[in-house]
Amino acid sequence: MKINVVKRVLEANDAVAASNRTLMSDAGVLCVNITSAPGSGKTTLLVRAIPALAEAQLASAVIVGDLQTTRDAERIGATGAPVTQINTEGGCHLSATQVTHALHGLDLAETAIVFIENVGNMVCPAGFDLGEHKRVAVLSTPEGDDKVAKYPTLFQPADAILLNKIDLAGPLDFDRRTFYDDLKAINSRSPMMELSARTGEGVDAWVDWLVAAHTQHAQTAGA
Ligand SMILES: Nc1nc2c(ncn2[C@@H]2O[C@H](COP(=O)(O)OP(=O)(O)O)[C@@H](O)[C@H]2O)c(=O)[nH]1
Ligand SMILES: [Mg+2]
């Protein structure tokens, strides 16, 4: 009985997610859902990418989920991109319905990429499709080189994996071999990018991946 209840919740979420995806596809908008533990650098990576995307004539809008506060929205809003903060008030992930409400407040005709910064959590967001076209999983070196194997559900469905805070890899004895071996066993199909949102190293590759994903999406939507 319990299993049925959970299944119904997920099915209902999936149906709403599918309509979010159609809404954005019809508007030619690419949606990217970013998942990670709290503090991996999701907001910093967005603050880095948004101005670079603007230079490539790609306008971003952001939906950001947190348990409390509007701090991330303030940081992202300083880039000039429209941002909607969803406070989940205890909820450990965003739901497709919350994203639907946030999308109603965005001008999709003026937007190329909608980013969703999910609630910082390595477990809950993984099971909830929000209507994204691409999912990105971020690990940062302070979390430890063993986390891919411990939290496979975060990394398995990701279309790109970012290893952030590589400026700290040396001091923290982050063992890349463990990380890469674990990742190969769990997800070998998706690109992996090492970067530092602090120093800017590797950020170009992250931006290039976003631009390419947008181009591919526009071609598919137009076909
Ligand atoms: N050293 C270092 N710190 C970083 C890097 N990226 C983010 N940070 C810091 O890590 C903290 C958490 O980053 P934030 O973007 O808020 O993470 P979020 O919770 O995933 O959105 C902040 O103090 C950032 O300045 C990085 O590449 N290197
Ligand atoms: Mg954040």
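Just so you know, ligand 1 is whichever comes first in the structure, and atom 1 is the first atom listed for that ligand. Because the structure is predicted, anything quoted here is derived from the model rather than measured.
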| said: Could you tell me if K165 and T141 have a donor-acceptor pair between their side chains, going purely by distance under 3.5 Å? | reply: no
| query | Would you say atom 7 (C) of ligand 1 has a protein heavy atom nearer than 4.0 Å? | reply | yes
| said: Tell me whether atom 13 (O) of ligand 1 lies less than 4.0 Å from at least one protein heavy-atom position. | reply: yes
| query | Would you say ligand 1 has an N or O under 3.5 Å from any N or O of G41? | reply | yes
| query | Between D66 (side chain) and T69 (backbone), is there a donor-acceptor pair under 3.5 Å? | reply | no
| Quick check: does D66 have an N/O/S atom under 2.8 Å of the Mg ion (ligand 2)? | no
| query | In the protein, which heavy atom is nearest to atom 19 (O) of ligand 1, and how far is it? | reply | G39 N, 2.8 Å
| message | As a test of reading the structure, name the N/O/S atom of D72 that is nearest the Mg ion (ligand 2). | response | OD2
| said: Apply side chain to side chain donor-acceptor pair (under 3.5 Å) to residues S196 and D167 and explain how you reach the verdict. | reply: CA-CA 6 Å; S196 168; D167 51 301; 2.9 Å; yes
| query | Side chains of T100 and N20: donor-acceptor distance under 3.5 Å anywhere? | reply | yes
| remark: In ligand 1, the atoms that come under 4.0 Å of a heavy atom of D167 are 1 (N), 2 (C), 26 (C), 27 (O), 28 (N)
| query | Just which atoms of ligand 1 are under 4.0 Å from any heavy atom in T43? | reply | 15 (O), 21 (O)
| said: With a cut-off of 2.8 Å, does T43 put an N/O/S atom close enough to the Mg ion (ligand 2)? | reply: yes
| said: Does the residue S40 have a heavy-atom contact with ligand 1, meaning some pair of atoms that are separated by less than 4.0 Å? | reply: yes
| field | atom 25 (O) of ligand 1 - nearest protein heavy atom and its distance | value | R198 NH2, 3.4 Å
| message | How far is atom 5 (C) of ligand 1 from the closest protein heavy atom, and which atom is that? | response | K165 CG, 3.5 Å
| said: Between D72 and R75, does any side-chain N to carboxylate O distance fall below 4.0 Å? | reply: yes
| request: Using a strict 4.0 Å cut-off to heavy atoms of K42, name the atoms of ligand 1 that fall inside it. | output: 15 (O), 17 (O), 18 (P), 19 (O), 20 (O), 21 (O)
| message | Here's a test for you: under side chain to side chain donor-acceptor pair (under 3.5 Å), which of K147, E143, K42, E117 qualifies with S36? | response | K42
| query | Would you call R189 and D159 a salt bridge, taking side-chain N to carboxylate O under 4.0 Å as the test? | reply | yes
| said: Under a 3.5 Å distance rule, please check whether Q219 uses its side chain to pair with a backbone N or O of Q216 as donor and acceptor. | reply: no
| query | Should you measure from each heavy atom of L168, which atoms of ligand 1 turn up under 4.0 Å away? | reply | 1 (N)
| request: With heavy atoms of T44 as the reference, note each atom of ligand 1 found under 4.0 Å away. | output: 7 (C), 13 (O), 14 (P), 15 (O), 24 (C)
| Check against side chain to side chain donor-acceptor pair (under 3.5 Å), N118 and N33 | CA-CA 7 Å; N118 219 313; N33 178 10; 3.2 Å; yes
| note | Of all protein heavy atoms, the one nearest atom 27 (O) of ligand 1 is A197 N, 2.9 Å
| task | Run the numbers for me: atoms of ligand 1, each under 4.0 Å from some heavy atom of N164, listed by number. | result | 5 (C), 6 (N), 27 (O)
| said: A side-chain contact here means heavy atoms from C-beta on lying under 4.5 Å apart; do L67 and N87 qualify? | reply: no
| field | L106 with I50, same ILVMFWY side-chain cluster at under 4.5 Å | value | no
| note | Restricting E117 to its N/O/S atoms, the closest one to the Mg ion (ligand 2) is OE2
| How close does the nearest protein non-hydrogen atom get to atom 16 (O) of ligand 1, and which residue and atom is it? | R75 NH1, 2.8 Å
| Sidechain N-carboxylate O distance under 4.0 Å for E74, R71 | no
